[in-house]
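This report refers to the structure that appears directly beneath it.
Chain letters run A, B, ... following the sequence lines, proteins first and then strands; every chain starts at 1. Given the structure is predicted, the values throughout are model-derived calculations rather than measurements.
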Number of protein chains: 2
Amino acid sequence: MDKTASAKSTRRITEPRQGAQAIRRALAVLRILAAGREDGVPLAEVVRATGLTRPTVHRIVHVLIEEGIVERHDKTGRYAIGNQVPELALARARPSRLLIAANPSLQRASTEIGDTLFLTVRTGNDTLCVDRRIGVYPIQVLSIEVGARRPLGVSSAGVAILAAMPAQDARKIVAANEKRLEAYRTDVATVLGQVTAARRLGYGMREIGLVQGTKSISTWIKTPDGRPAAAMTVSAVRTRLGPRREQEVAEILLREARIIEQAIRG
Amino acid sequence: MDKTASAKSTRRITEPRQGAQAIRRALAVLRILAAGREDGVPLAEVVRATGLTRPTVHRIVHVLIEEGIVERHDKTGRYAIGNQVPELALARARPSRLLIAANPSLQRASTEIGDTLFLTVRTGNDTLCVDRRIGVYPIQVLSIEVGARRPLGVSSAGVAILAAMPAQDARKIVAANEKRLEAYRTDVATVLGQVTAARRLGYGMREIGLVQGTKSISTWIKTPDGRPAAAMTVSAVRTRLGPRREQEVAEILLREARIIEQAIRG
DNA sequence: GCGTTCTTGTCCATATTATGGACAAGACCG
DNA sequence: CGGTCTTGTCCATAATATGGACAAGAACGC
């Protein structure tokens, strides 16, 4: 249990285990590929996003292809998550605790608000949309689907999650995502500004959503130990979310977020 | 394109790419863990099944834990697939071509036969149950669930899939699974015997199923290029599958397997 | 056609990295 | 309280993954 007094920096309790650089790198590549969904990601983009050298990424990706973990689309040359990943995932058949806990809240908020609702979790330095409810109002924001993965900070859900964690942790994550923010036309400073604003407001908000002409409002959901695990988001065409309605929607979201937090404990 | 005349053995066209031993090993570990489902697998079992040394497996597994790919159950000390794997799998939201193609056949055969039906795919050296239909007969074999993963050769589905491929390939796979067969109380010779029998019969069969007192019948499903991709299985208590009924059930399964093969082409 | 600038793919000497034998420590049993 | 399980750790060393440099193909402009 006692570490041999490491001459190196006296960091944290959990010094990252060494002896598996290649495995960590392969996983970093996989997470970038996952963000590309079915269409996949070009090699050069993986190189940019991971900061690895091209020969290294190339080697990793092609070994993963041989293993069935990655696929290459012949037409486009892009790389994507292969079908062996869902196969491995079948080992964990049951839906997560959060998904079960959030279900009634999503249902309730969805009918009450009428616009599209998203449940988004944090996974590493990314946000991942894990559930979506389409409202009754005839104009709906449908461009974000279950499975959508983005760097933490580019969506209102990401901003909300960052706002709910210690400022230092948030800064670290945004800095780690620096290279990937360019693709979303934002940068570290802008994101951190939005995070601060969200912290003050009590919820995350984006006047200009990722989709043109939309606006989003997100509340965070914390685990019992106080760390944000997910966010609940409403997206709608901007005109439908004026200051008055924003307040109403935010209140509903905040109420349901607290209910979900209670349900997770159970 | 032209390989520099390798002084080594003039093997196949596709010499396995090198430079990623660690990644391949990590994946081998993951596949073993996947077979353990939610309960997971003790470290020693992973060591046995993969043939790697214990320090190596230990290191790999713990790096994967840090990365969120693997979880360790504190009570039992067993290792299992972590929740980041389903998260990565969400990148591929759509159900597979096979699952869609097989759906009507499973429906039809299930009502016609009345016993539990399984759809099982080959993934590497394993079989993986990807769909199940419960029949109407009051006694049903339910012990095999969607997500169940076993070495090719220990289930009737595995035997069927092996029977449908060139004998040499089948031998290679069974040999690769040698260490894992012990856990199912069988061995290379026994499995190869069953495969030969299945090849003669035209379908896979196990008088003594994995579950005590059950009997299983499986037909293989080939992809357009002639390689077996999946198997369709009926399991029932042994008394319900006498020689007469075995023949009937096998005919239905064979008929539906051919229909699925056509549907995959589409 | 031919340079320019993208992209992806490959080679191989080298230093960094993963390896596994040996040891340790805890759990369970009789 | 020795015997037989298990999991976890150390570290010298051999083997492995690395990345600079080069190549080849694709897309575009003129």
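- Side chain of A:His62, nearest nucleotide from C:dG9, C:dA18, D:dG19: C:dG9.
- Picking from C:dT8, D:dG19, C:dG20 the nucleotide with the shortest atom distance to the side chain of A:Thr53 gives D:dG19.
- Nucleotide D:dT9 holds its P atom 11 Å from the CG atom of B:Leu43, rounded to whole Å.
- With respect to the salt-bridge test (charged N to carboxylate O, under 4.0 angstrom), the residues A:Lys215 and A:Glu207 qualify.
- Taking atom CG of residue B:Asp74 and atom C1' of nucleotide D:dT7, one finds them 14 Å apart after rounding to whole Å.
- For B:His58, the side-chain atoms get nearest to D:dG8 when compared with the rest of D:dG19, C:dT19, D:dG8.
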Passes side chain to side chain contact (heavy atoms under 4.5 Å, CB included), B:Ile173 versus B:Met165? Steps please. CA-CA 11 Å; B:Ile173 290 172; B:Met165 58 175 71; 3.7 Å; yes
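- Remark: P of C:dT17 and CD1 of A:Ile60 are 13 Å apart, rounded to the nearest angstrom.
- Look at CG on B:Leu64: it is 13 Å from P on C:dA18, rounded to the nearest Å.
- Here the nucleotide nearest the side chain of B:Tyr79, chosen from C:dT19, D:dT18, D:dG8, is D:dG8.
- Closest approach to the A:Pro42 side chain among D:dG19, D:dT7, C:dT8 is made by C:dT8 (side chain taken as heavy atoms from C-beta onward).
- The side chain of B:Gln21 lies closest to C:dA18, out of C:dT7, D:dT9, C:dA18.
- A residue-by-residue look at A:Ile23 and A:Gly77 shows that A:Gly77 has its nearest nucleotide of DNA chain C further toward the 5' end.
- Considering only side-chain N and O atoms, B:Arg78 lies nowhere under 4.0 angstrom from the phosphate OP1 or OP2 of D:dT6.
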Verdict with reasoning, B:Arg92 to A:Asn83, per side chain to side chain contact (heavy atoms under 4.5 Å, CB included): CA-CA 8 Å; B:Arg92 271 181 145 255; A:Asn83 71 355; 3.4 Å; yes
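- Here the side chains of B:Glu87 and A:Val121 are in contact, with some heavy-atom distance below 4.5 Å.
- Between the NZ atom of B:Lys75 and the P atom of D:dT7 there is a distance of 18 Å, rounded to whole Å.
- Of the candidates D:dC10, C:dT8, D:dG19, the closest approach to any side-chain atom of B:Pro55 belongs to D:dC10.
- Looking at the side chain of B:Arg48, the nearest of the listed nucleotides D:dA17, D:dT6, D:dT7 is D:dT6.
- Taking the centre of each ring, B:Tyr79 and B:His62 come in below the 6.0 Å mark.
- In this structure, the nucleotide among D:dA17, D:dT7, C:dT8 sitting nearest to the side chain of A:Arg59 is D:dA17.
- Across all strands, A:Arg25 comes closer than 4.0 Å only to sugar-phosphate atoms, never to a base (heavy-atom distances).
- Between the side chain of B:Arg54 and the base of C:dG20, no donor-acceptor pair of N or O atoms lies under 3.5 Å.
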